[in-house]
Amino acid sequence: MTAVALAPLPEPGQRARFRGLEAFRRSRYLAAGTVILAIFALTAIFGPLFVHNADAFSGDKLAHPSLAHWLGTTQTGQDVFGQLVESTRGTLLIGVGVGLIATVVSVAIGVGGALAGGAADEALNLLSNVALVIPQLPLVIIVSAFARGSGTFSVVLVIALTSWAASARILRAQTLSLRERDYVLAARAGGEPGWRIALYDVIPNELPIIGSQFIYATIAGVLTVSTLAFLGLANPSQLSWGNMLYFAQNDEALDSGAWWWFVPPGLCIALFGVGLAMVNFGLDEIFNPRLRGYKRTKRER
Amino acid sequence: MRYLARKLGFYLLAAWLAITLNFLLPRLIPGNPVELLMARLSQAGPVAPGEQQTLTRLMGLSGGNLFSQYWAYLDQLAHFDFGLSITYFPVPVVTVIHQEIFWTLILVGTSLVISVLLGLSLGVVAGWFRGSWLDALVPSTMFLSAIPYFWLAIVLVYLLTGTVHALPPSDALGGYDPSTVPGWNTAFIESAVQHALLPALTIVLSSVGGWLFGMRNMMVSTLAEDYVVAAQAKGLSRRRVMLGYAARNAVIPSASGFAIALGFVVSGSLAMEIVFSYPGIGYNLLQAVGNDDYPLMQGIFLFITLAVLGANLIVDLLQGFIDPRTRTAGARSSSPGRALRHIRRIATTTATATVPGGRA
Amino acid sequence: MSTFRRVLPALALTGLLGVSVAGCAGSSGSGGAAADGVVTVTTGAANSFQADFNPFSPNDNVATNGMIYEPLYYFDTVDSSQVTPWLATSYAWSDGGRTLTFQLRQGVKWTDGQPFTAADVAFTFQKMISEPTPYNEYDLPITGAKADGDYGVTLTFSKAVYSDLYYIAGKVDILPEHIWKSVTDPTTWQNSSPVGTGAFEVSTVTPQVLTMKANPHYYEAGYPKIKTVRFLSYSGNTASNAAIEDGQLDWAGNYIPNIQTDYLAKNPKFQLVNIPLSVADFVPNLKTGPTASLPVRQAISDALGRDFISQSVYDGEAPATNPEALLTPNFSSVVDSSLPGTLPGTANIAAAASVLENAGYTKGSDGIFNDSSGAPLKVAIQVISGYTDYVQDVQIAQQQLKQAGIDLEVDSESYQQFTSNQDSGNFQLLIDNFGYTPSAYSYYYNLLDSTLAPKAGVADTIGNYGGYDNAQVDADLSTIAGTLDTTTQNTAFADIEQHMVDDLPVIPLFEQQNEQEFNGAAVTGYPTKADPYASAAIYMQPDIGWVMMRLAPVS
């Protein structure tokens, strides 16, 4: 995370470097990560159409994986694979929702504050720093306890509103240094209003960082909501990977030997996170020339 | 000195904000802790109407407007009076917390130290030997940091105690062997260490990746700096350059990532205490939430927040000590009119900054 | 020296230390510790232990009632005919059930050495009159308590209390006058070093472990048979189940899914004692909402596939119940044998449909019944989100009811929210269980008596959450309470049971599983189905005291 903060910003015009498929050729990580994400996205969008009644209880308890049930069944006879597919949509929606909201907030506060300068910047910076040091999970647990019963959106909002601080700080640091660039100074001297500067000069050049912060926020969102669900603080009737783990744990899936119920949801969370991290890593490699892979010469060895 | 004063001021402000947030949260939501307590008491038998006043007084919610309540709340805090817990009524919140805070601190502290040391060391090595097989460490630690803590913990327990039988199942439960007596005796300390292994291992595995990854990238960036090349050209030994010049400067930004990392470890340890039944305040927080026990919730949250703030303050002060650039950083002004003077000042501070890093 | 080099030995040392410590791990899992007189138990409650032994506190330790403090008689919760002397040796009724005299046991000492006399009993009951909160826990209509000499006590009441004998003699903890007379705030007093007459005393309290030691001066020679009891607390069911399955616990009361494979198969000496103490019901709101109409309740009851739920969620360990929701064999003596022995185990969709159609409902195009105004039949059921088995029960019911054309919506809530809604009647349907008493009268009273129904502005509703109001049933209950004649009582019971079938004030599901696990390799002397001398449930008080002193280590 810290590496991206100190990466040299591309000069105006260098944005064009990211030329479509060429990027995938240059970074294996980016390619691999995108493939993983694509699989999850497709499952989330189209999966539930092919899976019928994942919720249906049956007498087939804790059945091993078979042709009838690709990932076996749960304690109450529900099809694990079907549940996994349906949960993908729920979890991804929440994760992406958190990522979007957190990123929007951090851009507004980080970029906006740095450009505004003066007292506004000091105040917003102070707010970010304070929000950063307050531990996230305990706060999320408590606030979600208070807001219980108000639905999924409030969970999304709560997690997003407690995770924007790190990105805001990074964006502020970048914007502060970007402010002093010639073209920005010229725009300010020319009397352009702040929002135009932000929208046309600053943000487009910070897109790589904003993108990577969005990815981190999404990973964090998925992990936090899965933890909340695992702890029993989410609505248990809603299908998500975290809720699957909650029921699996409560029904002692692993202890009963039913690894097919407990392992896949956790693996999905991990794979999704890895996919996102790979994309991040790949983008990092493309935009930060110092990080690009190279073969070590005989002399250096 | 100015730096110290500024940092202290910031953390005092953050602490005040946390305390105020703590005060406001339960009051923003409908529902009255006294009513909840009455409902709970009534399950043990009929409750006299006069009881409500007594309880209101005991819970520190005696009337008045918001400001007088806030003042009373601050006063109570100053006396370490967090009120009475609803879950454990009539035991005071302070009693509940102080029995278990010790365990959480030990677990969090040890895991943090181990994962920092391990992650930084491996990151230095991976960054230095870039392009070699060590680069394979990166995706595997990426994978590890994307795994949810609790899932990893449960799978580890299953594998280590069930399939591989490397550890007895009793190790995965509780903070110590119940047949030992807590105190400064070998039996207890031995069993405490034994029971802390699995939880700490899981936290370390999940968080070491972040440190490694960040450190590696920083190393790679730093390796391209002029002073590193100069040091190599001077003919210094590889290890000296790696550690004395590159690692030393690369580690500095990690300190600012400490705040975030500490947050992760605290969050992770909460889930870990549930899985391993570790007697820390983590599952007390969960109990409090499940029982709408506002006083206990507030007490634990405040405790965790103030502890985290304290840790961050220490790290910030350390960073100011190590890196002179941070001390002067705040002196930069940010108003548009002084742009040119600003640029010139950056140039001078960057020049001086290259010097503190290298020490032969 | 380089950071890495410095760190490496430390890392290696930690690793070696870890392995070596793990290697010399003791045999703390074998459970054979009972041989040295230590019995390890857990109630499965996920709270850490606090030193709260005040019998009037809502969170007093499970050891308080029965192990530390004792009542006058022991009422066997699983066999209502068994009433055994405990601190008292005999009792007698007079004045039509308004006066009760007890003869007390002699030679009993409090754990601080003071002798136990009638003055203590009189004091305990006298406090109910002078300070009803918190002393009069059971709301007894007591008017007087007087000691007759050192070993006799006379209690007088404002009305006949035949049916309250269980509370008076079986639940009230007798307190030491010399300690409690100077207690000024009994609601908040923790009583961390309690003085009682019981077979056990408090040894140490830590958040994870509560240790009780045998009372060396216990009046009954040879009891208790074990020297130390260790209560353990865990973070939740999963953790305590893992410990139970590993044989670390000698007595526990957890619900273990797949108990055959996960527990019983692991050691032939592991034993399961499952004697249900309560019946799980859907509680409908009888005053407002869709469930206030009898046809809707009948349709719901018909549409449930109870056997499937029991098999699926409880592995078959939740036995079927009868239409009048009376536990058998506990209440067999009052069961009306003319009624069916059990409820149907499978859903009867046709019956549900015809009941609704006769009441004016018509099936909509989406398969859900609509009432005469076109509104779909939608019922919201509340469940505590942490009770995963109830959540699963309700989710299965949702699917079953949908097939019958009823839209069941699941609302999962926190414990406090659920209790608060239940107490104020703010629900349409909820799932809960009732019982835990040896008295069939108390069971029906708490379920059906109209005076208990939720009232506006009152926080302490103890029963009849649905608001059932039937004058005939109220009269039956008064009849039973006012006499000792079993024939009269049984006639009244039969009438109540008929109303249970006709009016469906609750929709019974099944008998709630009550799995109690005993490690037969470590302890013996516990109650079983063959010998139900007490309830085997570790959470029942004062039964836990009765059983704990009879547990013996296996040599």
Interatomic spacing from CE in C:Met128 to OG1 in C:Thr133 - rounded to 0.5 Å: 12.5 Å
With sequence neighbours left out, write down each residue that passes side chain to side chain donor-acceptor pair (under 3.5 Å) with B:Tyr158, or none if nothing qualifies. none
Give a yes-or-no answer on whether the side chains of C:Asp449 and C:Thr451 include a donor-acceptor pair shorter than 3.5 Å. yes
Check each atom of B:Val157 against the heavy atoms of chain C and say whether the ones under 4.5 Å are side chain, backbone, both or neither. neither
If I measure from the heavy atoms of chain B, does C:Ser48 come under 4.5 Å with its side chain, its backbone, both, or neither? both
Run the side chain to side chain donor-acceptor pair (under 3.5 Å) test against C:Asn237 and tell me which residues pass, sequence neighbours left out. none
Residue, of C:Ser240, C:Ala239, C:Ala243, C:Pro207, that accumulates the most heavy atom pairs under 4.5 Å with chain B: C:Pro207
Part of C:Phe49 lying under 4.5 Å from any heavy atom of chain B: backbone
